[in-house]
Amino acid sequence: MTEVIDRDLREGRVEAVVTRFPPEPNGYLHIGHAKAICLDFGIARDYDGRVHLRMDDTNPTTEDPAFVAAIERDVRWLGFAWDDLRYASDYFESLYAQAERLIQHGDAYVDARDEATIRATRGSVSEPGTPSPDRDRGPAENLDLFRRMRAGEFADGSHVLRAKIDLASPNMILRDPVLYRIKHAHHYRTGDAWCVYPLYDFAHPLSDAIEGITHSLCTLEFDNNRAIYDWLVERLFPEPRPRQYEFARLVVDRTVLSKRKLIALVREGHVEGWDDPRMPTLAGIRRRGVPPEAIRTFVDRVGVTKANSRTDPALLDHAVRDALNTTAPRVMAVLDPVELLLEDPDGELDGIDGVDAPSFPDDVIGLVPEAADASRLLPLGRRLWIERDDVALDPPAGFRRMAPGRAVRLRHGVVVLCEGVDVDAEGRVTRAQARVLPGTLGRNPDGVKVWAAIHWLDADTALPAEFHLFGDLFTVADPDAAGDFRQHLDPASLVVHRGFVEPSVAADAADTRYQFERQGYFWRDPGPELGPEAAATDPSGSLVPSGSLVPSGSLVPSGLVWNRIVTLKDARRVTAGGGERSPAPARARPAARAPAAEAAGGEPAGGAAGTGEAPDPLAGLAPADRAAAERWIEGGVDPVHAGLIAAEPLLAGLLADAVGAGADVAVAAPWVAQETRGELRRRGQLPAQLTGEALAELLALLADGTLHAGGAREAWAAVAAGEGSPRAVVERRGLARLDDEAALLAAARAAVAAHPAEAAAFRGGKQALVGFFVGQVMRATGGRADPRAAQAAVRAALAEG
RNA sequence: UGGCCCUUCGUCUAAUGGCAGGACAACUGGUUUUGGUCCAGUCGGUCGGGGUUCGAAUCCCUGAGGGCCAGCCA
């Protein structure tokens, strides 16, 4: 992507970069849009260009101003600022004028048939469409009809404006696409001013052109649409015209990103709303507490290519933890509390009713020195809350926390020795007793193993709180792969706990993001940001009445409701006996990947693949061409090459000319079939300089030793680029073969001397490095060195060491 | 089925025709008053076949696999 822009700038095709992000205001932005936003805005920023946020509002029946506001807010939240806010609907008048121009040029016509008929006559991927009786109507009549369409004389669907392109095009998009349809509908911005509205394929390229967009970035599925994009822009606008480039959509495992499915999740009540923290919408992600910079680094890490791929949500989690590790103060919270009663026979705690605890560990302070100043008071009494699964009566293998007879440190406090554990009928821990070990505040006891540091809360001062633990919405990587996506919904995607949090948080800003030690990153649920007004104006349907997700703060005396942003990475392993289990409903281990995901991965192409009969390279040739090909084969030409050349008259003529000019057919054929054919394909035409005579000249230079193969290839490309005859090119570029042994040896020695580490590696047995050194010599000699001689020189130079 | 796009460690992504590298994940150790962080290390890849080349992930052919297109959605 940046390569294209660099070239456009370098070649002066454009003076400055202008991009645009063009959402349709008919839904909420999600993480997939974040990729496009980061790209469009990021490129504009990196190239010191401009970026427009454009509402692609050409369909009055689905769009709504509430979404415009939501989109603006989401883009800003991500940390971007647009240079201009535009609306496609502002261009309706000029778009209409362009449509009239098209009609006047005879490039568009009004079709009076209904939707079903047009659909039926478009043909299929393997059959051409059939023309409408209206297709050959004259421009004047079309213009009249189109004006009457605008004037409101016709009913919805009775007429459309179509581009007149090619009903037999293998690209379905080009089969006379519809440009304008009649919709007697109220538009949220233009009101009732219009009853004809342009379609995407018409409005989008022309909006880009109107705004002077230089690089129009979009996702892969619009690849086919580029043809109509270019067709329109070339007819209606002068250079510099906008150009469209495609990149792969972001797909994240264990969620869904299609608008339809997201709507279904909301409407059917699988989630609490568009900003449910489990949703991949930016509103949901924001409410969950993810900081925007984490989204940006995530998008950076994912990269931009044209290969459709799926991204592991672990990559996002990592970006979130990375952003929060150095910024989130550590506090303690107990999600599933049990009582711990302390005995203090030595009076260790006498006179102490709390400890001052640093808010950040030393390693974070190392990264962010000012974090050293932050601390808070931690009350400490004789009755505490600790986490239920930090205690076991009968510890399973691998259990490293509290159990009878084991000492653990109370984080930031003293070491205690467990003296008793009460369990209920099901074996669940209900209470524990422990004795404070003397002299262990800030110091480890002698001769006593401390098994762990556990988090705790003073029971008398801890604030009651509710914790919302979010997991992936789906249990499988690709919910669409098998059956209805709903059947893969994870019922444990939201787990609510009632517990306690330390009192210090009451003094902090409400939007503080914390790490609850050993649990994860949390922040206070800001509550639904999409208020009732969003529900009321949501044209896609009713928002489900909020249930448990609305802060049930009223039920919690402190009113505190915490959203878990992301878990801590959890390294505790499940033992063979299954004794230890992950306490949080954390993301399932990779081993738990569903069968559907495996199947989606595709069967490796084994067995029968690749072993099929080689097809006849001469199949499908006309008899005369076939005869020519057979003659070449007799002359020693590879049959595949012969077939390729014979199929293309330009190439066949070129080969014949070259042979006529004295070239050996067997030598010339690969140059025609590969190098020359490649030029033909890339340029769409055969460069005039690529004649048989030129090829014969090139091959003569090769034969008499003036050139080696690599130089000849470069020379041929230069000839194709119009730099002159092979001989002239070789002269100008200094491509003549260099086989002076002394010079090559000197170059080889220099290369070896310049790369001692590589030389040592070679002598250590890494033979592949010969190529590396040959490459160095080739570079040093401007590509002139004879490769064989260079390789010999390299080996000699390496042997000298 | 016609056309177009795509294919590099488990995942994502680099490599002017010249040492296949990084990140995430996993795994091993070390540090640690968080089973966190950090540090060190391990595992692991060019879809198959052919061609051109001294040398191919890269260029050419071919096979396989995946995606998109037959809305008056965008």
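Letters A, B, ... are given to chains in the order of the sequence lines, protein chains preceding strands, and every chain is numbered from 1.
- U16(B) and A25(B): their P atoms are spaced 28 Å apart (whole Å).
- Proximity of Thr311(A) to the phosphate of C24(B): no side-chain N or O atom is located under 4.0 Å from OP1 or OP2.
- Applying the salt bridge (charged side-chain N to carboxylate O under 4.0 Å, His left out) test to Glu387(A) and every residue at least two apart in sequence or in another chain returns nothing.
- As judged by a 4.0 angstrom heavy-atom cut-off over every strand, Gln515(A) is placed among the base-contacting residues.
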Identify each donor-acceptor pair in which a side-chain atom of residues 773-783 of chain A lies under 3.5 Å from a protein atom, sequence neighbours left out, and give them as a table.
from      : atom 1 : to        : atom 2 : distance (Å)
Gln776(A) : OE1    : His755(A) : NE2    : 3.4
Thr781(A) : OG1    : Val777(A) : O      : 2.9
Thr781(A) : OG1    : Met778(A) : O      : 3.1
Thr781(A) : OG1    : Ala785(A) : N      : 3.2

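- Residue-level contact check: Gly442(A) touches the bases, meaning some heavy atom is under 4.0 Å from a base atom.
- In this structure, Val415(A) reaches neither bases nor backbone, as no heavy-atom distance under 4.0 Å exists between it and the strands shown.
- Of the candidates U34(B), C60(B), C73(B), C73(B) carries the atom nearest the Lys183(A) side chain, counting heavy atoms from C-beta on.
- An OP1 or OP2 oxygen of U33(B) is reached within less than 4.0 angstrom by no side-chain nitrogen or oxygen of His412(A).
- Residue Arg181(A) has a polar side-chain atom (N or O) positioned under 4.0 Å from OP1 or OP2 of A74(B).
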When every nucleotide of nucleotides 51-57 of chain B is labelled 5' to 3' by its protein contacts under 4.0 Å (heavy atoms), B for base, S for sugar-phosphate only, - for none, what sequence of letters results?
BSSB---

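- At a threshold of 4.0 angstrom between heavy atoms, the contacts of Thr305(A) are confined to the sugar-phosphate backbone, with no base atom among them.
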Counting Watson-Crick and G-U wobble pairs with both distances under 3.5 Å, what is the dot-bracket string for RNA chain B, 5' to 3', using [ ] for crossing pairs and | for pairs to another strand?
.((((((..((((....[..)))).(((((.......)))))....(((((..]....))))))))))).....

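- When heavy atoms are screened at a 4.0 angstrom cut-off, Arg330(A) is found touching base atoms of the nucleic acid.
- Counting to the nearest Å, the C1' atom of C60(B) and the CZ atom of Arg681(A) are 8 Å from each other.
- Within 3.5 Å, a donor on the side chain of Arg400(A) pairs with an acceptor on the base of G35(B), or the reverse.
- Side chain Arg401(A) to base G35(B): a donor-acceptor pair is found below 3.5 Å.
- Of the candidates C69(B), C24(B), C60(B), C69(B) carries the atom nearest the Met172(A) side chain, counting heavy atoms from C-beta on.
- For residues 108-120 of chain A, the pairs satisfying salt bridge (charged side-chain N to carboxylate O under 4.0 Å, His left out) are Asp111(A)-Arg113(A), Asp111(A)-Arg162(A), Glu115(A)-Arg119(A), with sequence neighbours left out.
- Residue Thr58(A) places at least one side-chain N or O closer than 4.0 Å to OP1 or OP2 of A74(B).
- Taking the six-membered ring for Trp, Phe202(A) and Tyr180(A) have ring centres closer than 6.0 Å.
- Aromatic rings from Phe516(A) and Phe522(A) are positioned such that their centres are separated by under 6.0 Å.
- Straight-line distance from the CD atom of Glu387(A) to the C1' atom of G36(B): 15 Å, rounded to whole Å.
- Note on Leu315(A): only backbone sugar-phosphate atoms sit closer than 4.0 angstrom, heavy atoms only; bases stay farther off.
- Rounded to an integer number of Å, the gap from Glu221(A) CD to C6(B) C1' is 14 Å.
- Every residue meeting the ring pair (Phe, Tyr, Trp, His ring centres under 6.0 Å) condition with His33(A), not counting sequence neighbours, appears here in chain and number order: His30(A).
- Every salt bridge (charged side-chain N to carboxylate O under 4.0 Å, His left out) that Arg249(A) has, sequence neighbours left out, goes to Glu221(A).
- Residue-to-nucleotide contacts include no donor-acceptor pair under 3.5 Å from the side chain of Arg518(A) to the base of U34(B).
- The nearest whole Å value for the distance from the CG atom in Leu680(A) to the P atom in C61(B) is 11 Å.
- One can place CZ of Phe247(A) at 17 Å from P of C12(B), the figure rounded to the nearest angstrom.
- Using a 4.0 Å heavy-atom criterion, one finds that Arg249(A) contacts no nucleic acid atom at all.
- Looking at residues 359-366 of chain A, you'll see Pro361(A), Asp363(A) sit with a heavy atom under 4.0 Å from some atom of RNA chain B.
- By the 4.0 Å N-to-carboxylate-O rule, Glu648(A) lies too far from Arg677(A) to be salt-bridged with it.
- Using a distance-only test at 3.5 Å, with no hydrogens or angles considered, a donor-acceptor pair links the side chain of Lys35(A) to the main chain of Ala248(A).
- With sequence neighbours excluded, the residues forming a salt bridge (charged side-chain N to carboxylate O under 4.0 Å, His left out) with Asp176(A) are Arg135(A), listed by chain and number.
- To the nearest angstrom, C1' of C4(B) lies 11 Å from CD1 of Ile173(A).
- Under the 3.5 Å distance criterion, the side-chain polar atoms of Asn171(A) are matched with a main-chain donor or acceptor of Asn224(A).
- Using a 4.0 Å heavy-atom distance criterion, Gly157(A) is classed as a base contact.
- Distances were taken from every side-chain heavy atom of Leu199(A) (C-beta onward) to each of U16(B), A74(B), G2(B); the shortest belongs to A74(B).
- Under the side chain to side chain donor-acceptor pair (under 3.5 Å) criterion, Asp739(A) pairs with Arg737(A), not counting sequence neighbours.
- Residue contacts shown for Asn224(A) include a base, since a base heavy atom lies under 4.0 Å away.
- At a threshold of 4.0 angstrom between heavy atoms, the contacts of Val125(A) include nucleobase atoms, whether or not backbone atoms are also involved.
- Distances from the side chain of Ala314(A) to the nucleotides C5(B), A25(B), U37(B) place A25(B) closest.
- The residue Lys259(A) sits apart from the nucleic acid: no heavy atom pair falls under 4.0 Å.
- Atom pair Lys569(A):NZ and U32(B):P shows a separation of 20 Å (rounding to whole Å applied).
- In this view, Asp480(A) and Val256(A), Lys261(A), Asp478(A), Phe485(A) satisfy the side-chain contact (heavy atoms from CB on, under 4.5 Å) rule, not counting sequence neighbours.
- Less than 6.0 angstrom separates the ring centroid of Tyr200(A) from the ring centroid of Phe222(A).
- Ser309(A) comes within 4.0 angstrom of sugar-phosphate atoms only, judged by non-hydrogen atoms across all strands, and of no base.
- If you check U33(B), G2(B), A70(B) against the side chain of Pro170(A), the one that comes closest is G2(B).
- Following rounding to the nearest Å, Lys306(A) (NZ) and U8(B) (P) show an atom-to-atom distance of 16 Å.
- Heavy atoms of Glu115(A) sit under 4.0 angstrom from at least one base atom.
- Checked against side-chain contact (heavy atoms from CB on, under 4.5 Å), Leu568(A) has the following partners two or more places apart in sequence or in another chain: Gln515(A), Tyr521(A).
- Within the nucleic acid shown, Arg301(A) comes within 4.0 Å of sugar-phosphate atoms alone, with no base atom in reach, counting heavy atoms only.
- Glycosidic conformation at G10(B) (O4'-C1'-N9-C4 for purines, O4'-C1'-N1-C2 for pyrimidines): anti, more than 90° from 0.
- Minimum atom distance to the side chain of Arg119(A) is reached by G71(B), of the listed U16(B), G71(B), C4(B).
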